[in-house]
Colleague: 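Input: one structure, supplied below.
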Amino acid sequence: MRKIIIAGNWKMNKTPAEARALAATIAANDKIGCEVVICTPFVDLFAAKEAIAGSKVRLGAQNVHWAESGAFTGEISASMLKEVGVEYVIVGHSERRQYFGETDETVNARAKAALAKGLKVILCVGESLEQRQSGVTEQVITQQIKADLADLTVGNMKNVVIAYEPVWAIGTGLTATPEQAQEVCKLIRDLLSGIFGAETAAETTIQYGGSMNAGNAAQLLSMPDIDGGLIGGASLKPDDFAAIIAAGSAK
Ligand code: 13P
C-alpha cells in the first residue's frame, strides 16, 4: 500500500565526475523493485541526471530555499531544481539544523516552497542523544512534526516522505534497534493521523535513517511502520547500497 523508498543522501561527497560514475553504477542495477533516490550535492545534479537517464533511479537534492529568486547568496530555488530534473528534496536534515541554523520555521518554509513547485519532500526529524537520554524523544518528535508540517494539506502529504533520523545514530555506527526505530516511526504515523487523518497516515512513507547498512537494513525494514531508508555513508558504496535496495525491494 505504501511506497517503499530507499534514498541515498550523499551529503558533501563526490565531485561531478565521481558523481557521474557512482550514479551510473547504481543505475545499472537491474533488480530494483522499490523507489530508489540519490540525493547529490547541487553541482553534481546535472552529471547524476545524465548518468541515471532511462533507469529506475530518481534524482534528489539536499536542500531548497523558500523564495522563488532574489538576493539569497548561496541558496538554490525549487524552480532551479525542477528544471535540472530533480524530483525529491531533503529538508530539515539534522546537519542543517545543527550546523546551519535551520529551525522548524525555516524547514516548514522550505517544504512549502518545494511542494508548491511540484517537488517531493523528504522531511527529516529526530532527537539528539541528550534528548533521548532525558526521556523527551516523544515531545521533540511531536514538536518537529507539528511545526515542520504546519499549513500543509492532505493533498500536499501525497508528496511528503518523513525520515526519522535519530541524531545519535547518524554517522556513528550506532544504529537504532529495529524496536526503537519502529516505536518512533509508529509515533510519527499516529501524529500524522491526528493532523491529516488515518488515510493519509496509512499512505505516508516513513523512512528510518542513521547508520543503516547492508547488514541491518532487512531487519529495520521488517518493522511494520518502517517503509524505507535514508542512507548516508552506505549509499556511497555501490555494493552496500545495492544490498539495501534489495532489502527494500523484498519488503
Ligand atoms: P549515515 O547513514 O551515514 O549514518 O547517515 C544517515 C543520514 O544522515 C542520512 O540522511
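Remember, it's 1-based here, ligands and their atoms both numbered in the order they're listed. Residue indices begin at 1 and follow the sequence shown.
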Colleague: Give yes or no for whether the N/O distance cutoff of 3.5 Å, strictly under, is met between Gly233 and ligand 1.
Modeller: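 There is such a contact, yes.
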Colleague: Hey, could you give me the CD/CD distance between Gln139 and Gln144, rounded to the nearest 0.5 Å?
Modeller: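 Rounded to the nearest 0.5 Å, the CD-CD separation comes to 12.0 Å.
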Colleague: Rest of the hydrophobic cluster containing Ile122 (Ile/Leu/Val/Met/Phe/Trp/Tyr, side-chain heavy atoms under 4.5 Å)?
Modeller: Ile5, Val37, Tyr88, Ile90, Val161, Leu230
Colleague: Glu165 heavy atoms, cut-off 4.0 Å: which ligand 1 atoms fall inside?
Modeller: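 Those qualifying, in numeric order: 6 (C), 7 (C), 8 (O), 9 (C), 10 (O).
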Colleague: Hey, is Arg97 close enough to Glu102 for a salt bridge, meaning N to O under 4.0 Å?
Modeller: no
Colleague: Sequence neighbours left out, what passes ring-ring contact (aromatic ring centres under 6.0 Å, His included) with Phe46? Give chain and number order.
Modeller: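 Scan of Phe46 (ring-ring contact (aromatic ring centres under 6.0 Å, His included), adjacent residues dropped) gives none.
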Colleague: So, Lys82 and Glu87, do they make that salt bridge, N to O below 4.0 Å?
Modeller: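 No, Lys82 and Glu87 are not salt-bridged.
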Colleague: If we set the cut-off at 4.0 Å for heavy atoms, which region of Cys124 has an atom near ligand 1: side chain, backbone, both, or neither?
Modeller: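 The answer is neither; Cys124 stays 4.0 Å or more away.
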Colleague: Charged N to carboxylate O below 4.0 Å: is that the case for Glu35 and Lys56?
Modeller: no
Colleague: Measure the distance from atom 2 (O) of ligand 1 to every protein heavy atom, then report the residue, atom name and distance (to 0.1 Å) of the closest one.
Modeller: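 The closest one turns out to be Gly232 N, 2.9 Å.
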Colleague: Distance under 4.0 Å to a non-hydrogen atom of Gly210: what atoms of ligand 1 satisfy this?
Modeller: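 The atoms of ligand 1 under 4.0 Å from a heavy atom of Gly210 are 4 (O), 6 (C).
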Colleague: I need the atoms of ligand 1 closer than 4.0 Å to a non-hydrogen atom of Ala169, numbered in the order shown.
Modeller: 4 (O)
Colleague: Geometry only, no angles: is Asn9 polar-contacting ligand 1 at N/O separations under 3.5 Å?
Modeller: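 Checking ligand 1 against Asn9, an N or O pair does fall under 3.5 Å apart.
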Colleague: So, 4.0 Å and heavy atoms of Ser211: is ligand 1 close enough to count as a contact?
Modeller: yes
Colleague: Using heavy atoms and a 4.0 Å limit, tell me yes or no: is Ala234 in contact with ligand 1?
Modeller: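 No.
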Colleague: Quick one: does Thr172 get an N or O within less than 3.5 Å of an N or O on ligand 1?
Modeller: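 So ligand 1 has no N or O lying under 3.5 Å from an N or O of Thr172.
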Colleague: At what distance is the nearest protein heavy atom to atom 5 (O) of ligand 1, and which residue and atom is it?
Modeller: Lys11 NZ, 3.2 Å
Colleague: May I ask you to decide whether Arg189 forms a salt bridge with Asp227, counting only side-chain N to carboxylate O separations under 4.0 Å?
Modeller: yes
Colleague: Would you check the N or O atoms of Gly171, main chain and side chain alike, for any that come under 3.5 Å of an N or O of ligand 1?
Modeller: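 Looking only at distances, the answer is yes, because the N/O contact criterion of under 3.5 Å is met.
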Colleague: Take Leu59 and Leu81 through the test side chain to side chain contact (heavy atoms under 4.5 Å, CB included) and record every step on the way to the result.
Modeller: CA-CA 10 Å; Leu59 191 62; Leu81 296 178; over 6 Å; no
